[in-house]
Amino acid sequence: PLELSAKRPVPFLRQVVPVRKTVQRDPRFDDLSGEYKPEIFMKTYSFLDSIKKQEKEMVQKQLKKCRNVEQKEKLQQLLNRMTQQEQAQKKQQKLRERELSLKRQQRELAKQGKKPFFLKKSEKRKLELAEKYAELKRSGKLESFLNKKRKRNAIKDKRHLPSQKNL
């Protein structure tokens, strides 16, 4: 151990041997973990989809057998959450595929010697909306969707109109 001066009081916790402090790292923000690429992530963890599907089927079976009201309610919430996660994942996948197709088109145009043209957010939104309408038309749910939208807009418009009390 190092000699300490007798003129100064000795510290209560004297460090004799230096201890290496462990550095805690968060892989989400650490450069050592590499860059996040959704395509690679989906390929690597694709086995989870089959496991989730099995779990969903198991929950559905339990829901059919269950007699307890509280337990049934919990299982129903779990099932709803699972389906919502599945739908969100499908939506994300569609979005990714759409972006990839647009990138491919831009690469083709660049190979032909044309100047690349990138869509604005508003134009992307319009394309997405047109795709949504086409999908609804194919499934035959377009009319009910438009009715709901009309009702929603009517309620919004009513809010902005002056009420009888104010007149």
Side-chain angles (χ1 to χ4, degrees), residues 21-64 72-167:
K21 194 174 183 182
T22 56
V23 180
Q24 300 227 342
R25 289 195 289 251
D26 192 342
R28 296 173 295 174
F29 311 112
D30 195 10
D31 291 333
L32 294 173
S33 301
E35 195 176 323
Y36 172 69
K37 294 177 183 168
E39 298 86 26
I40 295 171
F41 182 84
M42 291 302 289
K43 284 179 186 175
T44 311
Y45 295 102
S46 60
F47 67 93
L48 288 176
D49 293 334
S50 60
I51 293 171
K52 284 180 182 178
K53 193 175 180 181
Q54 288 173 351
E55 285 179 351
K56 189 178 175 183
E57 288 171 3
M58 198 170 68
V59 168
Q60 285 173 336
K61 285 178 185 176
Q62 285 179 351
L63 190 65
K64 285 180 183 177
K72 201 168 192 174
E73 207 171 280
K74 282 183 182 178
L75 286 171
Q76 188 63 46
Q77 286 176 349
L78 180 64
L79 188 66
N80 288 343
R81 192 169 73 231
M82 286 174 148
T83 51
Q84 284 174 354
Q85 285 174 348
E86 200 175 287
Q87 287 171 352
Q89 194 175 11
K90 283 180 184 175
K91 190 177 180 181
Q92 226 174 15
Q93 185 66 28
K94 272 188 178 179
L95 187 73
R96 221 177 283 123
E97 286 173 5
R98 193 181 307 119
E99 285 177 3
L100 281 171
S101 66
L102 286 171
K103 281 184 183 178
R104 281 192 206 106
Q105 287 175 354
Q106 293 304 323
R107 283 194 195 114
E108 289 298 317
L109 289 172
K111 282 180 183 175
Q112 293 172 7
K114 294 180 181 176
K115 195 175 179 184
F117 174 74
F118 300 101
L119 293 171
K120 293 183 216 169
K121 257 188 182 178
S122 60
E123 290 170 346
K124 282 182 184 177
R125 218 176 292 127
K126 283 178 187 175
L127 284 172
E128 195 175 313
L129 194 64
E131 196 175 297
K132 185 179 180 182
Y133 274 90
E135 180 67 36
L136 285 167
K137 197 170 189 177
R138 253 185 271 128
S139 63
K141 297 176 183 175
L142 181 64
E143 199 57 45
S144 63
F145 174 78
L146 288 174
N147 284 337
K148 284 179 186 176
K149 199 163 185 72
R150 279 190 209 103
K151 283 180 185 177
R152 245 183 275 136
N153 288 339
I155 291 168
K156 282 183 186 177
D157 291 342
K158 272 186 184 177
R159 247 189 261 140
H160 293 295
L161 288 173
S163 63
Q164 289 291 331
K165 293 178 207 171
N166 297 346
L167 296 176

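Keep in mind the model is a prediction, meaning the values are calculated, not measured. All values below were derived from every heavy atom in this structure, side-chain atoms included, with hydrogens, water molecules and symmetry-related copies excluded.
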Tell me which donor-acceptor pairs under 3.5 Å the side chains of residues 77-85 have, and how far apart each pair is, sequence neighbours excluded?
| residue | atom | partner | partner atom | Å |
| --- | --- | --- | --- | --- |
| N80 | OD1 | Q76 | NE2 | 3.4 |
| N80 | ND2 | Q76 | O | 3.4 |
| T83 | OG1 | L79 | O | 3.2 |
| T83 | OG1 | N80 | O | 2.7 |

Distance, nearest 0.5 Å, that separates [atom1] of [X] from [atom2] of [Y]:
X	Y	atom1	atom2	result
L75	Q60	CG	CD	11.0 Å
H160	K156	NE2	NZ	8.0 Å
K72	Q62	NZ	CD	13.0 Å
S33	D26	OG	CG	8.0 Å

Enumerate donor-acceptor pairs with a distance under 3.5 Å from any side-chain N or O in residues 108-124 to protein atoms, sequence neighbours excluded.
| residue | atom | partner | partner atom | Å |
| --- | --- | --- | --- | --- |
| E123 | OE1 | K120 | N | 3.2 |

* Kindly indicate, with the supporting measurements, whether the criterion side-chain contact (heavy atoms from CB on, under 4.5 Å) is fulfilled by K132 and F145. => CA-CA 11 Å; K132 185 179 180 182; F145 174 78; 3.9 Å; yes
* **Step-by-step side-chain contact (heavy atoms from CB on, under 4.5 Å) determination, Q105 to L102** => CA-CA 5 Å; Q105 287 175 354; L102 286 171; 3.8 Å; yes
* If you measure from the Lys or Arg side-chain nitrogens to the Asp or Glu carboxylate oxygens, is any gap between K141 and E135 under 4.0 Å? ->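 Here K141 does not pair with E135 in a salt bridge, since their nearest N and O are not under 4.0 Å apart.
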* Asked: Does R98 come within less than 4.0 Å of E131, counting only side-chain N to carboxylate O?
  -> yes
Exercise answer: donor-acceptor pairs, residues 40-53 side-chain atoms, under 3.5 Å, sequence neighbours excluded:
| residue | atom | partner | partner atom | Å |
| --- | --- | --- | --- | --- |
| T44 | OG1 | I40 | O | 2.6 |
| S46 | OG | K43 | O | 3.2 |
| D49 | OD1 | Q89 | NE2 | 3.4 |
| S50 | OG | F47 | O | 2.7 |

* Asked: If we only count heavy atoms from C-beta on, is the K91 to L95 side-chain gap below 4.5 Å?
  -> no
* Just checking, is any N or O donor in the side chain of R150 or N153 under 3.5 Å from an acceptor N or O on the other one? ->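 No pair is found: no donor N or O on one side chain lies under 3.5 Å from an acceptor on the other.
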